[in-house]
There are 2 protein chains.
Amino acid sequence: MEQRPGGRSARVRDAVRQATLAELAEHGYSGLTVENVAIRSGVHKTTVYRRWGSVEGLIADALELAREEPWPIPDTGSFRGDLRAIVRLVQGGFADPVAGPISAAFVAAAVQNGDAARSLHDFFMARHEQAAEVVRRAVERGELPADTDGADVIRMAVAPIYYRLFVTHEPVTERDAVRAADAAAAAARAGVIHGDPAGRAADQ
Amino acid sequence: MEQRPGGRSARVRDAVRQATLAELAEHGYSGLTVENVAIRSGVHKTTVYRRWGSVEGLIADALELAREEPWPIPDTGSFRGDLRAIVRLVQGGFADPVAGPISAAFVAAAVQNGDAARSLHDFFMARHEQAAEVVRRAVERGELPADTDGADVIRMAVAPIYYRLFVTHEPVTERDAVRAADAAAAAARAGVIHGDPAGRAADQ
DNA sequence: AGCTTAACGCTACTAAAGTTGCGATTGGAG
DNA sequence: CTCCAATCGCAACTTTAGTAGCGTTAAGCT
């Protein structure tokens with residue numbers, strides 16, 4: 001009756017997760033197939049289908065793994081510097097030949113599959129909350145209005161990167177990243193990205 | 001040797017295009033299949049495969065149709081008003097039960113297929129260029145610095161909408177749209193979104 | 001150690017996606 | 001009007017994705 005997280009199941013899960021990431025890095029999302037993951041992991045095809053259901057299930061599971069590892073929140077001393085560092089970290093991640101395709105695959109999978117979308121949603125909520133730390137510090141330093149919505153500042157800063165990558169399919173340079181960060185910083189400083197009067201704290 | 005744009009081919013193409021849009025509106029991108037489009041259009045499955053190749057090809061073609069029809073660029077008298085109107089138009093489009101799924105399908109298809117990505121790229125380049133008109137007017141009125149990058153202001157304004165919809169999968173309210181527009185306006189007014197010194201006019 | 005059973009491996013099967021070859025239309029030029 | 005070639009319709013086929021049934025393995029408990 002009890003689960004068996006300590007034994008074979010755990011080994012299988014790890015093998016499949018790792019194979020999924022490796023396949024994603026090599027062939028991207030459109031080249032990801034259950035059969036190839038099964039072969040690479042040494043786990044049988046039927047088993048993968050039983051436990052993960054589909055390609056999107058594999059990705060949703062890999063996302064949980066990605067969510068666990070924390071994020072280096074910068075502390076440069078200035079708000080503009082922190083924000084620039086965050087956005088450049090995002091841009092650099094997508095430019096990386098290994099991490100880039102994997103991250104892009106997560107976004108691509110979530111566009112199609114509800115489970116992956118939920119996983120990605122949770123992932124970003126955690127990221128926004130972590131990154132909002134730089135806004136809190138800026139408020140304490142008096143650089144920003146007290147009612148600034150931290151998570152929304154992060155959204156404004158990184159959104160143009162994702163917009164270029166996944167919507168308009170334009171190239172993204174480091175210069176674009178810096179500009180997006182500066183734009184969000186300017187808007188925050190102008191007091192435009194303020195917290196809501198009505199309770200909207202819990203999104204969704 | 002010559003093409004035959006006037007005859008049967010044109011009829012077939014129109015039928016398939018229309019069937020594609022209808023199927024997208026009903027079942028969304030994940031429910032779009034070549035076979036159903038073939039049945040609905042009255043065109044044989046093989047023919048659709050030969051001319052469009054795949055589901056993504058169908059969408060890429062439908063996109064060209066969408067690109068042709070022009071866009072109502074607002075003229076409210078103030079830059080902030082114009083920008084708000086544009087972003088709310090985008091947000092409203094995705095909220096529409098008919099246009100929403102179709103637009104979302106375009107984005108979803110482009111994430112996976114190179115042809116669809118190119119089509120969508122061209123589509124947005126045209127849109128940005130058209131919408132940048134509101135920035136030009138604002139510059140003439142003296143509301144913005146002369147070297148403001150019009151297309152980039154539009155990008156900053158609409159990016160958070162797409163970011164929420166297709167990346168973080170958060171709900172998008174009208175309030176979010178207004179805030180995104182105001183943030184971009186504030187950044188533009190602060191002179192952060194300025195044109196490049198080195199020639200980067202031709203993107204890509 | 002021995003037992004129980006959740007989880008896995010394997011083969012065979014079904015369903016759906018996509019392809020091929022050929023004969024039938026049809027638009028357009030002489 | 002006649003002919004030609006591009007395009008389409010059609011049926012059969014191949015390939016790939018996903019499922020079902022059943023025997024086998026091994027984790028965890030006594």
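When side chains are defined from C-beta on, A/L89 counts as touching A/P72, because their heavy atoms get closer than 4.5 Å. Contact annotation: the side chain of A/E64 approaches that of A/R17 to within less than 4.5 Å [non-hydrogen atoms, C-beta and beyond]. In this structure, B/L65 and B/D61 have side chains that are not in contact, with every pair of non-hydrogen atoms separated by 4.5 Å or more.
A salt bridge is defined here as a Lys NZ or Arg NE, NH1 or NH2 lying under 4.0 Å from an Asp or Glu carboxylate O, and A/R189 with A/D182 fails to meet this definition. Ion pair B/E133/B/R136 flagged as a salt bridge, since at least one NZ, NE, NH1 or NH2 atom sits closer than 4.0 Å to an Asp/Glu carboxylate oxygen. For A/R11 and A/D14, the salt-bridge test fails: no basic side-chain N is under 4.0 Å from an acidic carboxylate O.
Here the P atom of nucleotide D/dG18 and the CZ atom of A/R51 are 19 Å apart, to the nearest Å. Summarising the geometry, the separation between CZ on B/R11 and P on D/dG9 is reported as 10 Å, rounded to the nearest angstrom. The interatomic distance linking A/H44 (NE2) with C/dA7 (C1') rounds to 14 Å, in whole Å. A/W52 places its CH2 atom 16 Å from the C1' atom of D/dG18, with the value rounded to the nearest Å. Summarising the geometry, the separation between CZ on A/R13 and C1' on C/dC8 is reported as 16 Å, rounded to the nearest angstrom. As rounded to whole Å, 14 Å separates atom C1' of D/dT15 from atom CG of A/N36. As rounded to whole Å, 13 Å separates atom P of D/dA17 from atom CD of A/E56. Rounded to an integer number of Å, the gap from A/R50 CZ to D/dT25 C1' is 13 Å.
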Tabulate protein N/O versus nucleotide N/O from nucleotides 16-19 of chain C, keeping only pairs under 3.5 Å, one per line.
| residue | atom | partner | partner atom | Å |
| --- | --- | --- | --- | --- |
| C/dG18 | OP2 | B/Y49 | OH | 2.8 |
| C/dG18 | N7 | B/K45 | NZ | 3.1 |
| C/dG18 | O6 | B/K45 | NZ | 3.3 |

Atom pairs, N/O to N/O, protein against nucleotides 23-25 of chain C, distance under 3.5 Å?
| residue | atom | partner | partner atom | Å |
| --- | --- | --- | --- | --- |
| C/dT25 | O2 | B/R8 | NH2 | 3.1 |

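Side-chain contact check for A/T173 and A/D176: at least one donor-acceptor pair (N or O, by modelled atom type) lies under 3.5 Å. Between the side chains of B/Y49 and B/E35, no donor N or O sits under 3.5 Å from an acceptor N or O.
An angle of 30°, rounded to 10°, separates the two end axes of the helix from C/dA1-D/dT30 to C/dG30-D/dC1, each defined over five pairs.
For B/R88, the CZ atom is loosely surrounded, since the number of other residues' heavy atoms within 6.0 Å does not exceed 12. When the shell of 6.0 Å around CD of B/Q18 is examined, it contains 12 or fewer heavy atoms from other residues, nucleotides or ligands.
With rounding to the nearest 0.5 angstrom, the CG atom of A/D82 is 3.5 Å from the OG1 atom of A/T76.
Side-chain proximity of B/V12 to the nucleotides D/dG9, D/dC8, C/dG27 is greatest for D/dC8.
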